[in-house]
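See structure below.
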There are 2 protein chains.
Amino acid sequence: MSELESQAHATLDAVARRAGVSLATASRALNGTTRVREDLRCRVRAAADQLGYIPNAHAQALASASNNTVGLICHDVGDPYFAAIADGVMRAAAEKDLLVMLASTFREPAREIAYVSTLRAQRARAILLIGSGFQDRTWERALAAELEPYVRAGGRVAVVSRHRSLRVDAVLPENRGGASALARALLDLGHREFAVLTGPPSLTTVSDRLAGFRAELARAGVTLPPERIVHGPFTREGGYTAARALLARGERPTCVFAVTDVMAVGALAAFREQGVRVPEDISLAGFDDIPLVRELSPPLTTVALPLTAMGQEVMALALREPRGPRSRVLRMGGEVVLRASVAPPLCDVPVRCQ
Amino acid sequence: MSELESQAHATLDAVARRAGVSLATASRALNGTTRVREDLRCRVRAAADQLGYIPNAHAQALASASNNTVGLICHDVGDPYFAAIADGVMRAAAEKDLLVMLASTFREPAREIAYVSTLRAQRARAILLIGSGFQDRTWERALAAELEPYVRAGGRVAVVSRHRSLRVDAVLPENRGGASALARALLDLGHREFAVLTGPPSLTTVSDRLAGFRAELARAGVTLPPERIVHGPFTREGGYTAARALLARGERPTCVFAVTDVMAVGALAAFREQGVRVPEDISLAGFDDIPLVRELSPPLTTVALPLTAMGQEVMALALREPRGPRSRVLRMGGEVVLRASVAPPLCDVPVRCQ
DNA sequence: GCGCTTTCTGAAAGCGTTTTCCCTCAGAGG
DNA sequence: CCTCTGAGGGAAAACGCTTTCAGAAAGCGC
């Protein structure tokens, strides 16, 4: 607009002119791609400094058909689960000198697809998708349709905890095994009356954790009646509401498994509000081991996932040279961390008491 | 590399050719900048769809000298404080159709400056700096030197909670007033023996909160002896260590103020570990009102900051047309939220007891 | 002194868009 | 029937870089 206000950026051309060399030499001197006589290199450097030259990344990307940005798509950076994974991704990016474009879908599938498209336009070197896919099969298909040409054009895609229908490299939490191990531990404590607070049933994250948990119960001859399974969104409020609903139904299990820690946090609040003591009245366990659950009282028993490491690994996976058509899958975590939120059931329940 | 593997992106040229129009028309048809005959527009659209055309954002940015990316620099996305603000920024970005490039400095000043440089190269429309600056005056100066030509070239800069030495638009938490109000509330409860767990003293966030707190105590004739002030990093561990140090010194205040909630979380853990009950033995208060402090038991008394809104506002500030040379400052938050982590001091302390 | 490498350097051709400038053509007005 | 206007379309010039392709200069053995 006004004359003085915007002062254009110095271009490489200006640098070259000032250093008394050609454009090509200036480019080479600055990038060090080819040998350039030392004195010329110095002159160019000096000229660049004096002019405050900052290369135009867009021009570079356009000319060299390469760039060092990656896209990170998650549902909600405010959620500690995603924040922890994003942190890992950021660490990996810093190490590899990559710039991360972050996108939060706010759990709207349309937004996710739009972001993939945007990242394609940016010619991002890789796209990282974090978190469970959407219930709707249609969306998952649309997403795959958007991703496929990207991959064909040389883009890399890697995901954390997505539905396997996307045939891409993936970091998968040890959902089934972890949930089984947790069930085992809870059974060992003497619990027989379980309830589960869970997310949208069509997500593999949910179904795997549920299946693992159930399988282990079944092995011990314990069943999980449908009225003891409450669905809700993967949020604190979801957990809160689900726990309230459970209590409102008059269900009094000795142990509640929330399929994510975030839901467990909500459940804990609900229990507290209703005067249900944890673990004396009800034992509570979660999944993920987000940092905050250690700070609760009682600290939450959960299945640990190395979230930051998972973030780093998904980046590594995306950057690794593809070896073939088969997608690589890295399973991580799954260890039970016993904390004070679980205890043996009270003796008025007709099971052995330790 | 291999022949089949990479399949180049369709270009606008290809779209134009297929639609039987010129490059210019194709561009206009897709962007809708000028009127284009309806049938041609359709033909272009169809051709673009068939070819799976995705415009090259770099070429667009280069040609139009504009783009819609903004840079977000924070210390650590994994920290709930930054995560919450980042969430607000993401919301604002989604609304305005901006792409956010995220950078975590991991609290290394050099990295921060490098990121500003990178974002300048990307010709980001705005740069958002979140969180306290670094102690070292040299770094702050270097940062300003990097930012200044960016602003002169038309870039926008806005910060949350940075040192005022950066003359840019800013969202500032009501540090002083909030801390004063908190002190007032604690005094009203009857406390006279205070301790403070605090961060690096050169940060204004720290000094303002400390000053506000102190001023209010002074007004009540209460002093804060230096041995009751413990410094540490702005992390959970910092709070933990500081609290341990305080106890190790044999100090037994009736009330502890941690200048950030994250530190308070660490302090709470330390107290619990040492058998110090909160609030019976020591009242504990924090600052920020990060979501997790509501889940603690006891829930933490704190000074509320609307973190997500602050993230939204800093974006709004960065995007707003500059009105003049004066930088705009938006003060937000500062209300005391009383929760169960504070209580009147026990009567064995020689003060009035409520 | 001659031809032959070996280094560097410079000119220029892209990269994929947007945008300016100009031309054409239809329709309105006389 | 002719001119004027305005709308729409095409050619080509940017945008700021990288990289190819030659050419110049310098070093070398004979």
Side-chain angles (χ1 to χ4, degrees), chain A residues 6-45 47-48 51-69 118 120-125 153-154, chain B residues 6-45 47-48 51-69 118 120-125 153-154:
Chain A
S6 357
Q7 173 173 318
H9 293 275
T11 68
L12 185 57
D13 191 59
V15 172
R17 207 187 310 281
R18 176 178 260 257
V21 299
S22 77
L23 192 57
T25 303
S27 171
R28 289 190 274 246
L30 259 24
N31 296 324
T33 50
T34 317
R35 287 213 57 73
V36 172
R37 229 171 51 221
E38 202 46 38
D39 59 324
L40 288 192
R41 183 185 301 275
C42 285
R43 289 226 306 272
V44 172
R45 285 252 175 77
L51 293 172
Y53 171 70
I54 299 258
N56 183 320
H58 297 299
Q60 289 184 311
L62 189 57
S64 66
S66 79
N67 74 57
N68 43 247
T69 63
T118 303
R120 287 226 276 155
Q122 297 286 336
R123 302 297 187 260
R125 188 186 284 196
Chain B
S6 355
Q7 173 172 318
H9 294 273
T11 69
L12 186 57
D13 190 60
V15 173
R17 207 186 312 279
R18 176 178 261 255
V21 300
S22 78
L23 191 56
T25 303
S27 172
R28 288 191 274 246
L30 293 174
N31 297 323
T33 50
T34 317
R35 287 214 56 76
V36 172
R37 232 171 47 223
E38 203 45 37
D39 58 325
L40 289 192
R41 184 186 301 278
C42 286
R43 289 226 306 273
V44 172
R45 284 252 175 77
L51 293 172
Y53 171 70
I54 299 258
N56 183 321
H58 297 300
Q60 288 185 312
L62 190 57
S64 66
S66 79
N67 71 57
N68 44 251
T69 64
T118 302
R120 286 225 275 155
Q122 296 285 338
R123 301 298 187 260
R125 187 186 284 200

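Just so you know, these numbers use all the heavy atoms, side chains as well, and skip hydrogens, waters and symmetry mates. Letters A, B, ... are given to chains in the order of the sequence lines, protein chains preceding strands, and every chain is numbered from 1.
- The side chain of S27(B) contributes no N or O atom lying less than 4.0 Å from OP1 or OP2 of dT17(C).
- Distance CG (L30(A)) to P (dC17(D)): 10 Å, rounded to an integer number of Å.
- When all heavy atoms are compared, the tightest approach of L51(A) to A10(A) is O-CB, 3.7 Å.
- Within residues 56-67 of chain B, the residues approaching DNA chain C are N56(B), A59(B), Q60(B), A63(B), S64(B), by heavy-atom distance under 4.0 Å.
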Point to revise | Letter per nucleotide, 5' to 3', of nucleotides 6-11 of chain D [B base touched, S only sugar-phosphate touched, - untouched; heavy atoms, 4.0 Å] | key: --SBBB
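- Taking CZ of R37(B) as the start and CZ of R43(B) as the end, the distance is 7.5 Å to the nearest 0.5 Å.
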Please tabulate, one pair per line, all N/O donor-acceptor pairs under 3.5 Å involving side-chain atoms of residues 13-25 of chain A, not counting sequence neighbours.
residue: D13(A); atom: OD2; partner: R17(A); partner atom: NH2; Å: 2.2
residue: R18(A); atom: NH1; partner: Q50(A); partner atom: OE1; Å: 2.0
residue: S22(A); atom: OG; partner: A24(A); partner atom: N; Å: 3.4
residue: S22(A); atom: OG; partner: T25(A); partner atom: N; Å: 3.2
residue: S22(A); atom: OG; partner: T25(A); partner atom: OG1; Å: 3.1

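- Counting all heavy atoms, side chain and backbone alike, Y53(A) lies closest to T11(A) at CE1-C, 3.6 Å.
- Taking each heavy atom of P55(A) and R123(B) in turn, the nearest pair found is O-NH1, 3.6 Å.
- Looking only at atom types and distance, the side chain of H9(A) has no donor-acceptor partner in the side chain of N56(A) under 3.5 Å away.
- For R41(B), the salt bridge (Lys or Arg N to Asp or Glu O under 4.0 Å) partners at least two apart in sequence or on another chain are E38(B).
- Contact annotation for T11(A): backbone-only contact, meaning every heavy-atom pair under 4.0 Å involves sugar-phosphate atoms and none involves a base.
- Note: CD1 (I54(A)) to C1' (dC17(D)) measures 15 Å, nearest angstrom.
- For the pair L12(A) CG and dA12(C) C1', the interatomic distance rounds to 15 Å; values are reported in whole Å.
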Protein and nucleotides 25-27 of chain C: nitrogen or oxygen contacts under 3.5 angstrom:
none

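- Taking each heavy atom of A29(A) and V36(A) in turn, the nearest pair found is N-CG2, 3.9 Å.
- For D13(A) and dA14(D), the CG to P distance is 13 Å, given to the nearest whole Å.
- Counting only distance, with no hydrogens or angles, the side chain of H58(B) and the backbone of Q122(A) share a donor-acceptor pair below 3.5 Å.
- Axis angle, first five pairs versus last five pairs of the helix from dG1(C)-dC30(D) to dG30(C)-dC1(D): 50°, rounded to 10°.
- The nearest whole Å value for the distance from the CZ atom in R120(B) to the C1' atom in dG16(D) is 16 Å.
- A side-chain donor-acceptor contact under 3.5 Å links R125(B) to the backbone of N67(B).
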